[in-house]
Protein chains: 2
Amino acid sequence: METAFADYLDDFTRRDWEHLDPKAVTDPVRVAIVGLGWFAREWALPGIARSAFTEATVVTDVDADAVEAVAAEHDVTGVTPAEFRAGAVVDEYDAVYVATPNATHLEYVAAAAEQGKAVLCEKPLEATLDRSRRLVAACRDAGVPLMAGYRMQTDPAVRRLRDLLEAGVAGDVIHVHATMSQTMLGELGSDHDQWRLDSELSGGCALMDLGVYPLNTIRFVLGADPVRVSGRTRTNHEAFADVDEHATYRLEFPGGVDALCSVSQNAQHASRLEVTGTDARLILDPAFYEREDRGFAVVRDGTRVDVDFDQVHQIEEEFAYFGHQLLAEEPFHPNGTHALADVRTLAAIYESAETGRPIALTDDAE
Amino acid sequence: METAFADYLDDFTRRDWEHLDPKAVTDPVRVAIVGLGWFAREWALPGIARSAFTEATVVTDVDADAVEAVAAEHDVTGVTPAEFRAGAVVDEYDAVYVATPNATHLEYVAAAAEQGKAVLCEKPLEATLDRSRRLVAACRDAGVPLMAGYRMQTDPAVRRLRDLLEAGVAGDVIHVHATMSQTMLGELGSDHDQWRLDSELSGGCALMDLGVYPLNTIRFVLGADPVRVSGRTRTNHEAFADVDEHATYRLEFPGGVDALCSVSQNAQHASRLEVTGTDARLILDPAFYEREDRGFAVVRDGTRVDVDFDQVHQIEEEFAYFGHQLLAEEPFHPNGTHALADVRTLAAIYESAETGRPIALTDDAE
């Protein structure tokens, strides 16, 4: 193990997907940002700016004040959503990043697709499985590339964990635990971001907003999709009367590997992914939030190795990958089909929570 | 929180159940040990000797060589199982510790009960629910006190965790994760202890031998019993052809709290209990093994407090409690009824694993 382990830890934060020289980029991908919530302003805008492969050129939001403020601060073009959809400044961007409430992704993605623009859409793709399918179809029919915003997939700690699993360092994976929680009402104080409490806009709360992280990250590191799921949701606080405040779920992977996951929008901050195999345990803790440093540990036969590495800007990595793949004319790993599997799985977990029974996931073509 | 927290951490390893002065004990409870497997030899004998409230006086086992060796080394009386059951040295012990394979607990406990001796029986109580009920009935009918060997319940770290939960330091409990695994074939090398691979003798393996720890410890710290369970078991390695090698299970507690648990007899060592509440997370890691130091942490609002405390000898604590309660003529918390709930729950998890459905637990009188 030692040699393989050293190999994989060497140059821990490398971009294994990068072959274009970031210093040689003269025309980065120009990105229009649709939706100026907390995450777009605090994380996406800086991430796009830091990435050599992208630059922000256009912003829009239903909140005209936010558009004006961001346009002035970042020296970009601000337009109304109607102007954006009508293609008022269509020559000023090559790609569109959609970070609006879930149930409004489709309209903006469809508009971008009609304009022939590449799309980076936040996850989950939409508020329902049907709308998610239509979103993917819109991009496919227009022939534009679609990436889903799974920032964990371009996080080097996650990629190294996947590398180590692929290299067999953990042996056979036996089971996985993951937990992700926050005090949403406190941490995301702005009303602007509380659309997650509205089931029409969000499609759900704890599972849709947080549950997708453990789900997608486990799919990514195991390189497999769940075949059966079960779950439970519950709500205590009146603010969450319309949606799920807490959820637990079990993902059954091929070969019998179970992943046990919990998420909450109203619990003490937790952020942990733990893969236990026959030969080692791999632990990310903290794991899931952009606003915390990632921790990475390998435990084997009583020895725990905590890997100390330079933390990356997770959203810079995500946009760098997005821009890089577009400039290199190469596909995205988290594409529409990949992202649809999460929406289908989340829908099945909600169905299990309602019926009290496990739900089998069939590998139907989308 | 700070005041309450300081109070509970002060004198962390105190025995809150102890009111007899251990230095004043002149006649400790004399214990006959039935079953001389690895745990009895390496942990129970030293634990009994260290405890001021107990002393070992008699040993028996089907392995005559083991009896001879232990009797000589510890200067105690060695007898055959037949002699023990016949009461050959009945005047030499006040209480009986039963640490034989699960399916043989009943015969020895019944013999001890007929002899009017107090009983400390290893958990799970027996290999089946029916035999466990008969075991409890035998003690009840004979009027002898019965304690089940839940060493976690007298571990100070576990008791402080329960204290903090009771004091509301974590706020409302939202969910719990627990994992416990070992490489049984490697760590417990002796054939003497591999009866766990025989379903007739053990009643099951990963769930019966390991699963009972997270289950009982969570029941203890939450002060509640599960109302519904689901679970899955699986076996990869041929040595476990007759039993469950790995298992995952979910315990649903009143109020909707879910505990997500995993156990394995053939995975990298893991031992962790994590309670996430609205106001804090409480973490025991390592949590479950007698052969490792316990770790105790409280995480709240980004601050993690790792409590450094003098490690106790977990089995000394267990036997001290057993002896103390007998000398004080006070009841055991982990009594027969308490222990039966675990056997019933484990049977329900096995049933769920077979049927693929959650199983409701009714609070039937035993």
Side-chain angles (χ1 to χ4, degrees), chain A residues 170-181 183 186 206 228 230-237 245-250 252 255-270 272 274-283 285 292 298-302 352 356-358 360, chain B residues 170-181 183 186 206 228 230-237 245-250 252 255-270 272 274-283 285 292 298-302 352 356-358 360:
Chain A
D172 296 330
V173 173
I174 302 304
H175 43 241
V176 179
H177 282 261
T179 185
M180 184 180 187
S181 56
T183 52
R228 212 163 63 137
S230 64
R232 305 214 313 144
T233 62
R234 69 182 172 113
T235 291
N236 299 340
H237 190 292
E245 180 181 355
H246 319 287
T248 61
Y249 52 102
R250 184 183 65 216
E252 305 179 12
V257 173
D258 280 352
L260 304 174
C261 306
S262 62
V263 290
S264 173
Q265 292 284 19
N266 196 18
Q268 271 288 307
H269 183 96
R272 181 180 171 91
E274 173 186 299
V275 180
T276 299
T278 49
D279 296 347
R281 290 169 74 210
L282 305 181
I283 299 168
D285 188 354
E292 66 192 2
V298 180
V299 185
R300 181 185 154 96
D301 296 343
S352 171
R357 304 214 173 148
Chain B
D172 296 329
V173 173
I174 303 304
H175 43 240
V176 180
H177 282 261
T179 185
M180 184 179 188
S181 56
T183 50
R228 212 162 64 134
S230 65
R232 305 213 313 141
T233 60
R234 68 182 172 113
T235 292
N236 298 340
H237 191 291
E245 180 180 355
H246 320 288
T248 63
Y249 52 102
R250 184 183 65 217
E252 305 179 14
V257 173
D258 280 351
L260 305 174
C261 306
S262 62
V263 289
S264 173
Q265 293 283 20
N266 195 17
Q268 271 286 306
H269 182 96
R272 181 179 172 91
E274 174 186 298
V275 181
T276 299
T278 51
D279 296 346
R281 291 169 74 209
L282 305 181
I283 299 167
D285 187 354
E292 65 193 0
V298 180
V299 185
R300 180 183 156 96
D301 296 343
S352 171
R357 304 215 173 146

| request: Might you point out which heavy atoms bring B/Thr278 and A/Asn266 nearest each other, and give the distance in Å? | output: CG2-O, 3.5 Å
| remark: All heavy atoms of A/Arg250 vs all of B/Thr248, minimum pair found to be CD-OG1, 4.0 Å
| field | Which atom of B/His177 lies closest to which atom of A/Leu260, heavy atoms considered | value | CE1-O, 3.5 Å
| message | Can you tell me which portion of B/Ala178 sits under 4.5 Å from chain A's heavy atoms? Options are side chain, backbone, both or neither. | response | backbone
| Checking B/Val176 against chain A: side chain, backbone, both or neither under 4.5 Å from a heavy atom? | neither
| remark: Applying a strict 4.5 Å limit to non-hydrogen atoms, the region of A/Ser262 in contact with chain B is both
| task | Under the salt bridge (Lys or Arg N to Asp or Glu O under 4.0 Å) rule, collect the residues that match up with B/Arg281, sequence neighbours excluded. | result | B/Glu274
| message | Which heavy atom of B/His175 sits nearest to which heavy atom of A/Ser264, and what is that distance? | response | CE1-CB, 4.0 Å
| task | Check for a donor-acceptor pair, side chain of A/Gln268 on one end and backbone N or O of B/Asp279 on the other, with a separation under 3.5 Å. | result | yes
| note | Greatest number of non-hydrogen atom pairs under 4.5 angstrom with chain A, of B/Gly302, B/Cys261, B/Gly171, falls to B/Cys261
| request: Check each atom of A/Val173 against the heavy atoms of chain B and say whether the ones under 4.5 Å are side chain, backbone, both or neither. | output: backbone
| message | How close do B/Arg272 and A/Asp285 get, counting heavy atoms only, and between which atoms? | response | NH2-OD2, 4.2 Å
| message | Looking at every heavy atom in both B/Gly356 and A/Pro358, which two are closest together, and how far apart are they? | response | O-CG, 3.1 Å
| task | Go through A/Thr179, A/Thr276, A/Asn236 and name the one with the most non-hydrogen pairs under 4.5 angstrom from chain B. | result | A/Thr179
| field | Partners meeting salt bridge (Lys or Arg N to Asp or Glu O under 4.0 Å) with A/Arg232 (sequence neighbours left out) | value | B/Glu252, B/Asp258
| query | Does any heavy atom of chain A fall under 4.5 Å from the side chain of B/Val257, the backbone, both, or neither of them? | reply | both
| Of the backbone (N, CA, C, O) and the side chain (C-beta and beyond), which part of A/Asp301 lies under 4.5 Å from a heavy atom of chain B, both, or neither? | both
